[in-house]
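The structure under discussion appears below in the form of structure tokens.
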2 protein chains.
Amino acid sequence: MLVASSTEWEVARDDFVAQWGALGSHWGINRTMAQIHALLMTAPEPMYTDEIMEKLQISRGNANTNLRELVGWGLIQIIHRKGERKEYFQAEKDIWKMVITIAKERKRREIVPALEVLKSCAERTQSESKGPGREFHEQMKELQEFVEFGIKVADTISSMKHASALHWAMKLLG
Amino acid sequence: MLVASSTEWEVARDDFVAQWGALGSHWGINRTMAQIHALLMTAPEPMYTDEIMEKLQISRGNANTNLRELVGWGLIQIIHRKGERKEYFQAEKDIWKMVITIAKERKRREIVPALEVLKSCAERTQSESKGPGREFHEQMKELQEFVEFGIKVADTISSMKHASALHWAMKLLG
DNA sequence: ATCATTTTTCAGATAGTTCTGAAAAGTGGG
DNA sequence: CCCACTTTTCAGAACTATCTGAAAAATGAT
């Protein structure tokens with residue numbers, strides 16, 4: 001999966017890349033995409049496609065697709081170097097920004113559509129006045145409100161600077 | 001996938017089950033497991049294996065495996081009725097408890113192991129004094145601290161009653 | 001405009017995951 | 001200690017997601 005690394009830190013890095021890939025796949029993120037992300041996060045310099053293919057031992061198509069996907073998520077950006085045709089890629093290294101980016105994307109792609117279904121389920125069972133139908137309606141309503149509240153909290157935290165968020169969290173921890 | 005439902009609320013429920021299944025599969029949770037969970041969440045009464053098989057049109061083996069898995073996650077419990085051999089299943093309906101249960105399990109299964117790798121990566125590169133090796137070390141250290149802090153926050157929130165968490169969140173929202 | 005280089009695309013191959021179904025194991029009442 | 005009923009297991013089948021690689025398209029320097 002990875003080509004051999006020479007220096008000590010690169011060996012540790014290979015572990016990190018593997019773990020990040022495994023973590024991703026437990027959270028519905030393509031393993032390769034997560035590995036490329038881990039690789040770029042820990043890259044001293046921006047990398048280009050062939051370097052990534054070589055390091056992770058993956059095909060050009062695979063590398064290209066997942067790089068585009070990462071760009072689509074806003075987790076990496078394309079760098080153009082003067083006098084070079086090739087595209088280089090570099091990852092956002094700030095953890096706080098990274099987490100917020102991921103949260104925003106998942107909200108947009110998965111939470112909001114799910115919320116729409118909850119709303120529709122609640123709405124369509126408005127008129128149920130008793131029994132299981134009513135209980136279902138109330139459960140959907142409750143879920144809907146829970147998710148909407150969660151979104152508000154997440155949005156508020158996302159809009160904070162890392163330091164303010166930390167401050168808030170510290171107060172919480174007492 | 002689902003057998004036809006008669007009443008209006010049951011039609012909405014089928015949508016909910018399907019959506020919950022889709023959501024699960026985007027978050028690394030087996031679609032069937034999520035569907036069974038959704039089904040039980042919205043069941044007026046505890047259900048037994050054959051009812052679930054029938055409703056979701058799945059095999060006995062599949063139903064059994066995923067029911068065990070849900071029990072393992074602590075999301076559903078087994079009910080024994082006097083004078084009956086069969087096992088009935090019922091889901092926790094309290095959303096707050098449900099979310100905390102899921103968070104705890106994911107922490108145990110995925111976050112803690114990932115944290116161990118981060119620690120190991122940081123430790124093994126302690127001695128790097130400059131250059132890319134040092135940068136890598138610092139990045140791992142930072143990630144490690146971020147995750148540890150996140151765990152603390154999550155643990156604190158998890159230990160709160162729903163009402164206190166709500167109160168805290170309201171203050172945050174200002 | 002040409003052309004070498006780089007990126008994109010996508011049909012088919014592969015790998016990984018989930019499901020089925022039937023046999024085996026387990027269980028409690030009598 | 002049977003036996004009818006229930007649960008569990010797991011080899012092979014089916015399905016889904018991901019990957020490959022080569023051809024096509026795009027690009028920018030000259």
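So you know, we letter chains A, B, ... as the sequences are listed, proteins then strands, and number each from 1.
Under the 4.5 Å side-chain criterion, counting only non-hydrogen atoms from C-beta, A:L70 is not in contact with A:F89. Between B:E54 and B:Q57, the closest side-chain pair of non-hydrogen atoms falls below 4.5 Å.
Checking A:E128 against A:T125 by side-chain atom types alone, no donor-acceptor pair falls below 3.5 Å. For the residue pair A:S6/A:E10, the side-chain donor-acceptor check at 3.5 Å is satisfied. A donor atom on one side chain and an acceptor atom on the other are found under 3.5 Å apart for A:E148 and A:Q144.
Backbone-only engagement by A:R68 is indicated by non-hydrogen atom pairs under 4.0 Å involving sugar-phosphate atoms exclusively. Using a 4.0 Å heavy-atom distance criterion, B:N66 is classed as a sugar-phosphate-only contact.
A parallel orientation is assigned to the rings of A:H162 and A:W96, their planes being inclined by less than 30° (bins at 30° and 60°).
Proximity of A:N64 to the phosphate of C:dT8: a side-chain N or O atom is located under 4.0 Å from OP1 or OP2. When the side-chain nitrogen and oxygen atoms of B:T65 are compared with OP1 and OP2 of C:dT18, none of them lie within a distance under 4.0 Å. For B:N62, a side-chain nitrogen or oxygen approaches OP1 or OP2 of C:dT20 to under 4.0 Å.
For the pair B:L67 CG and C:dC19 P, the computed distance is 12 Å after rounding to whole Å. Following rounding to the nearest Å, A:Y48 (OH) and C:dT5 (C1') show an atom-to-atom distance of 13 Å. Between B:R60 atom CZ and C:dG26 atom C1' there is a gap of 15 Å when expressed in whole angstrom units. Atom P of nucleotide C:dT14 and atom CD1 of A:I58 are separated by 18 Å, given to the nearest angstrom. Atom pair A:R31:CZ and C:dT17:P shows a separation of 7 Å (rounding to whole Å applied). The distance between atom CD of B:E87 and atom P of C:dG26, rounded to the nearest whole Å, is 15 Å.
The minimum heavy-atom distance linking B:A63 with B:M53 is given by the pair CB-CG, 3.8 Å.
On a pure distance criterion of 3.5 Å, a polar donor-acceptor pair joins the side chain of B:R85 and the base of C:dT27.
For B:S25 and B:K86, each mapped to the nucleotide of DNA chain D holding its nearest heavy atom, the one lying further toward the 5' end belongs to B:K86.
Put simply, chain B comes within 4.0 Å of DNA chain D, heavy atom to any atom, from D:dA4 to D:dT9, going 5' to 3'.
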